[in-house]
Amino acid sequence: MRNDRRPDDMTRITTSELADTFIEEQINMLREEIGDKKVLLALSGGVDSSVVAAMLIKAVGQQLFCVHVNHGLLRKGESEQVIEVFKNQMKANLIYIDATDRFLDKLAGVTDPEDKRKIIGGEFIEVFAEEARKLEGIEYLAQGTIWPDILESEKGIKAHHNAGGLPEDMDFKLVEPVKILFKDEVRFVGERLGLPANMVYRQPFPGPGLGVRCPGAITRDRLEAVRESDAILREEFTRNGLEGKVWQYFTVVPDFRSTGIKDGERSFEWCVIIRAVNTKDAMTAEVENIPFELMQHLVKRITDEVKGVNRVLYDFTPKPSATIEYE
Ligand code: XMP
């Protein structure tokens, strides 16, 4: 397919005209390439895969089969929302698979971040291959790979599950209609494709999901602490007008316990780390200045409501030297 790499002289997509031209070109290329064949798409519900879905629905309509895999590493309420938007509202072909046990069993005891990513990515491919066999006649696999994924994989900074690494026997051809775009361009294109603003401007969420926010070996109870604290953080950011203002915010629960006091008794529990950053293209990032009162409120809610947590920390580190995610 043409446009395999971002041309050095490509103008940043910042106007409706540029976005519309890109969309038109991509749709023509997709139609030409795919013809009457079937396409399978990993629809996580994040910005990238949602924009790819919208693009493919425009290009090939019902030839697109969206597969939403719940790998057990999604945020609270996320699968429900994907089903509501894509199946109920957009009437897309959507297959929902709850593969939680399968993923968590494979990840049990795995501590190395890159191994975790590879396992999650590998399982994803497996699940899609199984679905493709069931559907019959699937030739293409669509992916929401974006340009920074490719650059960072090439530089060896980290392996992105959606950039290469397909097993030898996989006979899917790839379609990656937003792979030469930066994140801000993907959002803009999504808007022009008619996706709702709350979907296009939603904060990004990594493919390996909460798995990279549960550093070290993932356990179900610590994962639950990540999920519940994340839900509280999102709720409070929405309530306090920070949703849409802060680019990405989430919680991390490291595999580390410290001493505290709860109900007058010694506790020995995890800490929740809050991360809230602003960036344009995720290549660099600055830390958000969260009002102190809100921070205090977050600490109270998280330590009161999240099981197994007695301490809350705030990460003040920009990218670089840190990356946005912890693994
Ligand atoms: P880092 O941690 O590299 O993250 O500073 C930059 C942005 O990319 C997201 N991210 C991922 N997205 N698959 C994805 O689709 C991944 O494996 C992945 N890793 C990180 C991260 O959330 C941030 O927005």
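Read the numbers this way: they start at 1 and go in the same order the structure lists the ligands and their atoms. As the structure is a computational prediction, the values presented were derived from the model and not from experiment.
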K.L.:
Has Arg117 got a side-chain atom pairing as donor or acceptor with Glu327's backbone, closer than 3.5 angstrom?
P.N.:
yes
K.L.:
Run the numbers for me: atoms of ligand 1, each under 4.0 Å from some heavy atom of Glu152, listed by number.
P.N.:
3 (O)
K.L.:
Is it true that Asn278 and Glu288 share a donor-acceptor pair across their side chains at a distance under 3.5 Å?
P.N.:
yes
K.L.:
I'd like to check whether Gln248 has a polar contact with ligand 1, where a contact means an N/O of the residue lying under 3.5 Å from an N/O of the ligand.
P.N.:
yes
K.L.:
Examine Pro208 against ligand 1 and note whether any of their N/O atoms are separated by less than 3.5 Å.
P.N.:
no
K.L.:
Would you mind running through ligand 1 and noting each atom that sits below 4.0 Å from a heavy atom of Pro204?
P.N.:
24 (O)
K.L.:
Determine, using the 4.5 Å side-chain heavy-atom cutoff (strictly less than), whether Leu233 and Phe316 are members of one ILVMFWY cluster.
P.N.:
yes
K.L.:
Is any N or O atom of Asp48, backbone or side chain, closer than 3.5 Å to an N or O atom of ligand 1?
P.N.:
no
K.L.:
Quick check with a 6.0 Å cut-off and a 45 degree axis cone: is Arg213 positioned over the face of Phe250's six-membered ring?
P.N.:
yes
K.L.:
Is it possible for you to check whether Arg75 lies under 6.0 Å from the centre of the six-membered ring of Phe205, through NZ or CZ, and within 45° of that ring's axis?
P.N.:
yes
K.L.:
Using non-hydrogen atoms of the residue, decide whether Arg117 is closer than 4.0 angstrom to ligand 1.
P.N.:
yes
K.L.:
Can you list the atoms of ligand 1 that are under 4.0 Å from a heavy atom of Trp247?
P.N.:
24 (O)
K.L.:
Can you tell which part of Pro148 has a heavy atom less than 4.0 Å from ligand 1: side chain, backbone, both or neither?
P.N.:
neither
K.L.:
Could you point out which residue of Lys307, Arg301, Lys300 forms a salt bridge (Lys or Arg N to Asp or Glu O under 4.0 Å) with Asp304?
P.N.:
Lys300
